[in-house]
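We use all heavy atoms of the structure for the numbers below, so side chains are in, but hydrogens, waters and symmetry mates are not.
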Amino acid sequence: MARGKFFQSVSRYFDRAAAQSAVTAGMLRQVKTCNAVYRMRFPVREDNGHITVVEAFRAEHSFHRLPTKGGIRFSRRVSLDETIALAALMSYKCAIVGVPFGGAKGGIVLDPSKLSSGFRERVTRRYTAELIRKNFIGPDIDVPAPDYGTGEREMGWIADTYKNLRMNEPHPYACVTGKPLGMQGIPGRKQATGLGVYYGIRTFMEQADDMKAVGLTPGIAGKRVIVQGLGNVGYHAAHYLQCDGKAVIAGIIEREGALYAPDGMDVESVNRHRLDTGSLEGFPGAEYIKEGHSVLEKDCDVLLPAALEEQITAENAGRIQARIVAEAANGPVGFDGEAILSQRGICTLPDLYLNAGGVTVSYFEWLKNRAGVSFDRMFSRHEELTKISLVETIESMTGRSVSPPVRRQLVHGVSEEDMVVAALEQTMIQSFHQIRERWKSRKLHDLRTAAFLLSIERIAESYEQHGIFP
Ligand code: GLU
């Protein structure tokens with residue numbers, strides 16, 4: 001797919017699903033269109049004292065629910081088209097997992113691998129000030145989060161800038177999610193997208209009929225996975241697939257090249273090697289392939305693109321050997337690429353469902369910031385006391401006592417992270433079954449069409465209920 005065609009690809013997925021719905025044409029246009037865009041250029045001083053002009057965007061796709069929500073990325077390929085496409089995906093994603101937000105996305109046209117920490121900070125703070133000036137950020141307006149090339153550090157700068165410029169607001173830190181824990185972040189947010197990807201794949205793989213249709217036996221254990229991207233999403237997804245799911249990580253693709261080992265490699269060791277040396281090259285026990293992109297086409301059961309959009313296109317889709325393509329990134333499979341994959345019987349687990357774990361946990365963080373209290377604080381001790389009295393009752397009834405380590409394990413009160421992870425797991429399982437139900441009952445061609453249809457119907461219903469049309 002040519003550059004600049006990302007929104008077109010998302011729109012074609014949208015139209016294909018919309019054709020199956022009873023939603024009126026005018027409403028469909030409203031659900032599809034991007035409602036507001038802020039395009040900015042601002043000056044920032046480089047480390048050597050020179051001024052550089054930075055180009056950036058924020059797109060708010062849909063206001064059926066407020067605030068709008070979506071990450072901010074640093075990437076050289078950021079464009080207006082890309083930002084709008086990603087904002088649209090956020091609207092559909094939130095609707096799929098029942099997060100009551102509209103969709104948004106921000107992008108800054110800079111290569112994240114080439115930025116000093118000081119320059120990054122100046123850009124991030126200035127970008128935040130621009131958003132404040134135009135009312136494109138705020139706990140009830142639009143709430144950014146991490147995305148490609150950004151993380152906790154940038155979210156901390158955004159929160160701090162906002163708090164300082166909006167002193168009088170009651171919950172200024174609710175203006176952004178994915179913050180560091182010490183700045184009212186939430187435990188579990190960092191791994192949330194990757195963990196959600198794992199739960200999504202696991203749930204699909206438990207469906208014996210669907211697995212049979214793609215020529216695989218049910219279950220993750222022993223399935224060979226190739227991961228593209230060892231960033232936050234790819235790393236965590238691969239980690240959970242390997243450690244919890246017992247999958248075999250057969251390939252890892254990064255910017256500089258790829259590793260391939262059909263019998264598997266240890267994700268932790270690969271990650272450590274790359275952090276230490278700055279490259280995948282030289283990792284023992286796997287073949288290093290300089291032309292990394294070609295590893296997408298190697299033999300495996302699951303291909304997990306977890307980097308950027310437009311990775312599988314009409315050009316390479318005919319050579320993909322995986323049975324399942326799991327979209328951990330946003331938009332990695334273009335419309336024309338998907339048509340070829342599906343003709344060849346390859347199943348795609350769509351991004352708008354599969355990577356929705358990040359925004360799900362962002363929702364919990366936002367709720368916590370607004371409540372001004374962590375989730376466990378009100379329950380943890382009460383739960384512990386209830387469990388202690390249960391154990392004591394059992395002990396007195398049986399005349400036997402529980403050993404101290406077992407007692408500790410049984411009676412501990414729930415932690416905030418336990419609650420977040422359990423709620424994320426439940427969301428991913430439930431949402432999958434809702435999509436699958438649509439897929440089967442409406443006899444739709446694929447899971448993506450079912451997911452889009454579900455989102456479209458939910459967003460249209462929300463617009464109807466809120467009656468915002470003049
Ligand atoms: N950037 C992430 C995404 O694409 C997270 C968005 C959020 O948490 O608001 O889903």
Side-chain angles (χ1 to χ4, degrees), residues 69-71 86 89-101 103 105 145-148 151-152 177-178 185-207 220 223 225 227-245 247 249 267 302-307 324-333 348-368 375 416-436 447-448 450-451 454-455:
K69 186 89 190 74
L86 291 165
L89 282 174
M90 284 307 306
S91 293
Y92 309 138
K93 198 185 295 191
C94 289
I96 284 286
V97 286
V99 166
F101 296 148
K105 200 69 153 205
D147 199 79
Y148 183 85
E152 286 184 348
T177 59
I186 197 162
R189 174 61 187 88
K190 195 166 179 180
Q191 64 270 37
T193 312
L195 182 55
V197 166
Y198 165 66
Y199 289 143
I201 295 175
R202 188 189 71 186
T203 310
F204 175 81
M205 288 193 155
E206 281 163 0
Q207 316 306 312
I220 294 186
K223 300 292 186 307
V225 181
V227 185
Q228 182 195 36
L230 212 50
N232 185 44
V233 179
Y235 163 73
H236 282 109
H239 167 89
Y240 290 110
L241 282 164
Q242 179 163 68
C243 297
D244 293 18
I249 306 299
V267 176
V302 181
L303 179 59
L304 193 112
I324 298 168
V325 176
E327 291 190 317
N330 290 309
V333 180
T348 305
L349 303 183
D351 51 4
L352 67 163
Y353 160 67
L354 196 67
N355 70 32
V359 77
T360 301
V361 176
S362 276
Y363 173 43
F364 304 147
E365 182 176 334
W366 179 82
L367 285 173
K368 164 184 162 162
F375 288 115
E416 190 170 36
E417 184 162 351
D418 291 340
M419 293 175 85
V420 164
V421 167
L424 169 64
E425 182 179 19
Q426 187 188 30
T427 301
M428 294 307 294
I429 295 173
Q430 260 177 7
S431 303
F432 176 80
H433 287 293
Q434 287 163 359
I435 299 168
R436 190 171 186 274
L447 275 167
R448 193 192 311 271
L454 191 58
S455 300

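- Contact of the Met205 side chain with the Ile324 side chain is registered, since non-hydrogen atoms from C-beta on lie closer than 4.5 Å.
- The two residues Cys94 and Phe101 make their nearest non-hydrogen contact at CB-O, 3.5 Å.
- Between Phe375 and Phe364, the ring-plane angle classifies as perpendicular under the 30° and 60° cut-offs.
- Residues Asn330 and Asp147 form a side-chain contact, since some pair of their non-hydrogen atoms from C-beta on lies under 4.5 Å apart.
- Between the side chain of Gln207 and the main chain of Thr203, a donor-acceptor pair closer than 3.5 Å is present.
- A distance-only check finds a donor-acceptor pair linking the side chain of Glu327 to the backbone of Asp351 [under 3.5 Å].
- Under the 4.5 Å side-chain criterion, counting only non-hydrogen atoms from C-beta, Tyr353 is not in contact with Leu447.
- Between Ile96 and Ala451, the closest heavy-atom pair is CD1-O, 3.2 Å.
- Residues meeting the side-chain contact (heavy atoms from CB on, under 4.5 Å) test with Lys190, sequence neighbours left out: Glu152, Asn232, His236.
- Of the possible polar contacts, one joining the Lys368 side chain to the Gly185 backbone as a donor-acceptor pair under 3.5 Å is found.
- The closest donor-acceptor contact from the side chain of Asn355 to the backbone of Thr193 lies at 3.5 Å or more, if one exists at all.
- The main-chain N or O of Arg189 is never found under 3.5 Å from a side-chain atom of Glu365 such that the two would form a donor-acceptor pair.
- For Ala326, the side-chain contact (heavy atoms from CB on, under 4.5 Å) criterion is met by Ile201, Val302, Leu304, Leu349, Leu354, not counting sequence neighbours.
- Using a 4.5 Å heavy-atom cutoff, the side chains of Leu195 and Glu425 are not in contact.
- In this structure, the side chains of Lys69 and Val99 stay at 4.5 Å or more apart for every pair of heavy atoms.
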